[in-house]
Peer 1: 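Here you go, one structure.
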Amino acid sequence: MFTGIVKQLGRVEAVESSADGARLRISAQLAAELGEGDSVAVNGACLTATTVTDDAFEADVMHQTLELTTLGELEPGSQVNLELPLRATDRLGGHVVQGHVDGTGTVEGISDDGFAKRLRVELPDELLPYVVEHGSIAIEGVSLTIAELNDDGVEVSLIPETLERTTLGAAEPGDRLNIECDVLARYVRRQLETDPSLSPLTEE
């Protein structure tokens with residue numbers, strides 16, 4: 001489990017693609033805190049470290065992850081958001097993030113908002129029921145609050161700290177971004193689909 005608070009920017013050193021999937025090698029100081037078999041979130045996708053050195057780690061990316069996320073677009077030199085799993089004694093500074101990417105959104109536009117920037121992201125239709133104004137969303141593994149909803153997506157505000165410490169500072173219109181909706185919204189939606197009588201809108 002993660003919180004969506006990016007600990008460090010890593011850099012992709014190598015990408016090995018094959019018919020079986022892909023292997024990423026990422027350089028980062030936090031590799032020193034990893035052991036083989038440990039989980040690490042890379043741009044919001046939970047991966048398992050397969051090989052670890054003091055300053056880098058490798059992780060395998062299976063077909064399902066390549067299809068659901070933007071990890072298949074990474075190249076040597078790409079920067080990635082990294083987060084280690086939450087410890088039981090850690091503060092929950094963001095929100096509950098599983099590292100299970102639901103799909104990708106597309107940057108529609110970026111505008112200035114005082115010292116912050118406003119990021120507009122178009123979401124696929126299947127994710128729209130899981131977002132609410134002022135609710136939580138993870139974009140590229142970054143825990144954010146939805147500032148505004150529109151017909152086809154969301155807007156979020158990015159403070160200077162987020163712009164500087166994550167890859168979102170380099171986002172441009174047209175970029176695809178990994179999206180993880182709030183896990184609570186997923187369960188509520190599933191429960192209502194299974195038992196419509198629980199909905200307050202259901203007529204008795």
Side-chain angles (χ1 to χ4, degrees), residues 1-18 20-104 119 136-145 156 158-171 175-184 186:
M1 187 174 74
F2 305 92
T3 66
I5 305 299
V6 172
K7 183 169 184 181
Q8 192 177 123
L9 281 172
R11 184 173 296 276
V12 176
E13 289 188 343
V15 179
E16 298 176 14
S17 299
S18 70
D20 297 323
R23 172 166 288 193
L24 302 177
R25 180 174 176 82
I26 298 172
S27 62
Q29 292 179 344
L30 62 67
E33 301 179 50
L34 286 170
E36 293 183 2
D38 285 350
S39 295
V40 57
V42 179
N43 282 355
C46 181
L47 301 179
T48 300
T50 56
T51 304
V52 179
T53 66
D54 288 341
D55 59 1
F57 66 92
E58 293 184 358
D60 292 329
V61 188
M62 62 184 178
H63 288 304
Q64 183 181 20
T65 305
L66 292 171
E67 292 170 3
L68 279 175
T69 74
T70 61
L71 296 187
E73 301 171 10
L74 295 176
E75 302 174 343
S78 297
Q79 285 193 313
V80 290
N81 297 325
L82 300 176
E83 183 187 356
L84 297 175
L86 179 70
R87 296 185 179 95
T89 56
D90 287 344
R91 291 187 175 124
L92 189 61
H95 71 283
V96 175
V97 176
Q98 294 182 304
H100 301 164
V101 174
D102 292 301
T104 61
L119 185 72
S136 297
I137 191 169
I139 301 180
E140 289 292 282
V142 181
S143 174
L144 297 168
T145 299
V156 294
L158 308 176
I159 62 173
E161 179 80 1
T162 303
L163 294 168
E164 181 180 349
R165 293 175 58 88
T166 77
T167 59
L168 295 182
D175 286 353
R176 290 202 313 139
L177 304 175
N178 292 328
I179 305 293
E180 181 182 334
C181 300
D182 187 0
V183 62
L184 295 178
R186 291 192 212 141

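Quick caveat, the model's predicted, so the values are computed rather than measured.
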Peer 1: With side-chain contact (heavy atoms from CB on, under 4.5 Å) as the criterion, how do Glu164 and Ile159 come out once you've worked through the C-alpha distance, each side chain's angles and the decisive distance to 0.1 Å?
Peer 2: CA-CA 9 Å; Glu164 181 180 349; Ile159 62 173; over 6 Å; no
Peer 1: Does any N or O in the side chain of Thr65 come within less than 3.5 Å of the main-chain N or O of Val61, such that one atom is a donor and the other an acceptor?
Peer 2: no
Peer 1: So Phe57 and Thr51, do their side chains get closer than 4.5 Å, heavy atoms only?
Peer 2: no
Peer 1: Quick one: does Leu68's side chain get under 4.5 Å of Gln64's, heavy atoms only?
Peer 2: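 Leu68 reaches Gln64 side chain to side chain.
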Peer 1: With no hydrogens and no angle check, do the side chains of Thr167 and Asn81 hold a donor and an acceptor under 3.5 Å apart?
Peer 2: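 A pair is found: one side chain offers a donor N or O, the other an acceptor, under 3.5 Å apart.
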Peer 1: With side chains defined as the heavy atoms from C-beta onward, is the minimum distance between Thr70 and Glu140 less than 4.5 Å?
Peer 2: yes
Peer 1: Do Leu168 and Ile139 have side-chain heavy atoms sitting under 4.5 Å apart?
Peer 2: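 Leu168 vs Ile139: side chains touch.
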Peer 1: Do Leu84 and Leu34 have side chains that approach each other closer than 4.5 Å (heavy atoms only, starting at C-beta)?
Peer 2: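 Side-chain contact under 4.5 Å: yes.
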Peer 1: Would you check if Leu158 and Leu144 make a side-chain contact, meaning some heavy-atom pair closer than 4.5 Å?
Peer 2: yes
Peer 1: Which distance, rounded to the nearest 0.5 Å, do you find between the CG of Leu47 and the CD of Glu58?
Peer 2: 12.5 Å
Peer 1: Work out which heavy atom in Gly141 is nearest to a heavy atom in Glu83; give both atom names and the distance.
Peer 2: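 Heavy atoms of Gly141 and Glu83 come nearest at O-OE1, 4.4 Å.
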Peer 1: When you look at Leu74 and Asn43, which way does the side-chain contact (heavy atoms from CB on, under 4.5 Å) test go after all the steps?
Peer 2: CA-CA 10 Å; Leu74 295 176; Asn43 282 355; 4.1 Å; yes
Peer 1: Assess whether side-chain contact (heavy atoms from CB on, under 4.5 Å) is satisfied between Thr3 and Val97, documenting all intermediate values.
Peer 2: CA-CA 5 Å; Thr3 66; Val97 176; 5.9 Å; no
Peer 1: Roughly how far, to the nearest 0.5 Å, is CZ of Phe2 from CD of Glu180?
Peer 2: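 If I round to the nearest 0.5 Å, the distance is 9.5 Å.
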Peer 1: Of all heavy-atom pairs between Pro85 and Asp90, which one has the smallest distance, and what is that distance?
Peer 2: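 Looking at all heavy atoms of both residues, the shortest contact is O-OD2, 4.4 Å.
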Peer 1: Counting only N and O atoms by type, is there a donor-acceptor contact under 3.5 Å from the side chain of Gln8 to the main-chain atoms of Gln29?
Peer 2: yes
Peer 1: Check whether any side-chain heavy atom of Leu86 sits under 4.5 Å from a side-chain heavy atom of Leu92, and report yes or no.
Peer 2: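 Yes, their side chains come closer than 4.5 Å.
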Peer 1: What's the shortest heavy-atom distance between Gly35 and Ala49, and which atoms?
Peer 2: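 Gly35 and Ala49 have their closest heavy atoms at O-CB, 4.0 Å.
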Peer 1: Mind listing the closest non-hydrogen atom pair of Glu13 and Pro76 along with its distance?
Peer 2: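 Shortest heavy-atom contact: O-CB, 3.8 Å.
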Peer 1: Mark yes or no for whether Ser78, through its side chain, and Glu75, through its backbone, hold a donor-acceptor pair below 3.5 Å.
Peer 2: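 Here the side-chain-to-backbone pair exists.
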Peer 1: Is any side-chain heavy atom of Thr69 closer than 4.5 Å to a side-chain heavy atom of Arg176?
Peer 2: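 The answer is no; the side chains never approach within 4.5 Å.
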Peer 1: Got a sec: does the CD of Glu73 have more than 12 other heavy atoms crowding it under 6.0 Å?
Peer 2: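 More than 12 heavy atoms, drawn from other residues, nucleotides or ligands, come within 6.0 Å of this atom.
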Peer 1: What are the two closest non-hydrogen atoms of Asn178 and Leu71, and how far apart are they?
Peer 2: ND2-CD2, 4.5 Å
Peer 1: With a 3.5 Å cut-off and no angle check, do the side chains of Glu36 and Thr50 form a donor-acceptor pair?
Peer 2: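 No, Thr50 and Glu36 have no side-chain donor paired with an acceptor closer than 3.5 Å.
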Peer 1: Taking atom OG1 of Thr166 and atom CD1 of Ile5, what is their separation to the nearest 0.5 Å?
Peer 2: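 Reported to 0.5 Å precision, the distance equals 10.5 Å.
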Peer 1: Nearest heavy-atom pair of His100 and Arg186: which atoms, and what distance?
Peer 2: O-NH2, 3.4 Å
Peer 1: Step by step, would you call Ile137 with Ile179 a side-chain contact (heavy atoms from CB on, under 4.5 Å)?
Peer 2: CA-CA 7 Å; Ile137 191 169; Ile179 305 293; 3.9 Å; yes
Peer 1: Determine whether the side chains of Arg11 and Ser27 contain a donor N or O and an acceptor N or O closer than 3.5 Å.
Peer 2: no
Peer 1: Nearest 0.5 angstrom please: Arg23 CZ to Ser17 OG, how far?
Peer 2: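 OG of Ser17 is found 12.0 Å from CZ of Arg23.
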Peer 1: Looking at Met1, is its backbone amide N or carbonyl O close enough to the side chain of Gln98 to form a donor-acceptor pair, meaning the two atoms are under 3.5 Å apart?
Peer 2: no
